[in-house]
Asks: 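Can you keep this structure in mind? I'll have questions shortly.
All chains are named by letter (A, B, ...) in the order of the sequence lines, taking the proteins before the strands, and each is independently numbered beginning at 1.
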Amino acid sequence: GENVEQHPSTLSVQEGDSAVIKCTYSDSASNYFPWYKQELGKGPQLIIDIRSNVGEKKDQRIAVTLNKTAKHFSLHITETQPEDSAVYFCAASNTGNQFYFGTGTSLTVIP
Amino acid sequence: DTAVSQTPKYLVTQMGNDKSIKCEQNLGHDTMYWYKQDSKKFLKIMFSYNNKELIINETVPNRFSPKSPDKAHLNLHINSLELGDSAVYFCASSLIAGGPRETQYFGPGTRLLVL
């Protein structure tokens with residue numbers, strides 16, 4: 001089965017700096033890679049996703065890159081703000097039926 | 001106008017009891033899921049239903065029994081609760097299973113504490 005690893009587990013950045021979270025996956029058949037943000041006491045919410053036919057996708061301050069050859073994808077948040085503080089999860093899926101989640105990254109943006 | 005709702009939000013119970021968690025989605029989605037999130041925040045899928053039919057059943061003790069009366073509801077019944085069942089349980093739904101519109105929408109979670 002798929003194995004998704006996520007690093008780092010915790011990340012602290014100063015407000016305005018950039019944050020990068022990296023994930024690797026093992027199953028070359030995986031073709032859909034969403035990123036979720038989980039705020040305290042809430043369920044995960046999709047923030048951006050990327051499919052295997054695309055190398056990069058950007059949505060305002062958030063971008064995701066995918067390297068299918070190396071089997072890794074990354075989340076980039078620029079100009080971080082305190083409200084970006086949350087736990088971020090990457091996931092990989094090859095059928096849409098089942099997602100394999102990373103272990104999460106707790107991001108703290110220091111004002 | 002909640003998309004995916006779960007009840008109860010908090011559940012505190014004694015070991016050995018039987019309890020149920022309910023989930024409803026008003027998005028018109030065909031597929032629903034149950035996830036367990038442990039104290040280390042690790043999210044693991046437990047079950048997935050597509051149009052009331054079970055399509056994913058991970059290695060979960062048979063004390064856990066999902067039931068889908070219709071495609072808008074997926075309930076989770078847990079028998080003989082154990083301390084290790086303490087976790088946050090999330091329900092999620094997606095438009096279809098597989099294909100380009102498989103984004104999952106999560107409910108707010110049910111925090112289960114077994115004493």
Asks: Indicate, with yes or no, if the rings of A/F99 and B/Y35 have centres closer together than 6.0 Å.
Replies: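 When the ring centroids of A/F99 and B/Y35 are compared, they turn out to be at least 6.0 Å apart.
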Asks: Applying a strict under-4.5 Å side-chain criterion to I, L, V, M, F, W and Y, I'd like to know whether A/V20 and A/I48 cluster together.
Replies: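 No, it is not one cluster - the side chains of A/V20 and A/I48 are not joined through contacts under 4.5 Å.
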Asks: Are B/V60 and B/V114 in one and the same hydrophobic cluster, where Ile, Leu, Val, Met, Phe, Trp and Tyr link if side-chain heavy atoms are under 4.5 Å apart?
Replies: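 Both belong to a single hydrophobic cluster.
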Asks: Determine whether A/F101 and B/Q37 satisfy the following criterion, side chain to side chain contact (heavy atoms under 4.5 Å, CB included), listing intermediate values before the conclusion.
Replies: CA-CA 11 Å; A/F101 280 87; B/Q37 187 174 46; over 6 Å; no
Asks: Please report the shortest heavy-atom distance between A/Q38 and B/F90, naming the atom on each side.
Replies: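 Distance-wise, the nearest heavy atoms are NE2-CZ, 3.2 Å.
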Asks: Against chain B, work out which of A/G41, A/S9, A/P34 has the most heavy-atom pairs shorter than 4.5 Å and name it.
Replies: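 Top count of heavy-atom pairs under 4.5 Å with chain B: A/G41.
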Asks: Counting only non-hydrogen atoms closer than 4.5 Å, does A/P44 touch chain B with its backbone (N, CA, C, O), its side chain (CB onward), both, or neither?
Replies: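 Interface part for A/P44: both.
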Asks: For A/Y36, is it the side chain, the backbone, both or neither that has a heavy atom under 4.5 Å from a heavy atom of chain B?
Replies: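 Only the side chain of A/Y36 comes within 4.5 Å of chain B.
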Asks: Might you confirm whether atom CD of A/E83 has over 12 heavy atoms from other residues, nucleotides or ligands at distances under 6.0 Å?
Replies: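 Check passes, neighbour count above 12.
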Asks: Is the number of heavy atoms from other residues, nucleotides or ligands within 6.0 Å of NZ (A/K68) greater than 12?
Replies: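 Counting other residues, nucleotides and ligands, NZ of A/K68 exceeds 12 neighbours.
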Asks: Should the heavy atoms of other residues, nucleotides or ligands under 6.0 Å from CG of B/L115 be counted, would the total exceed 12?
Replies: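 Yes, enclosed.
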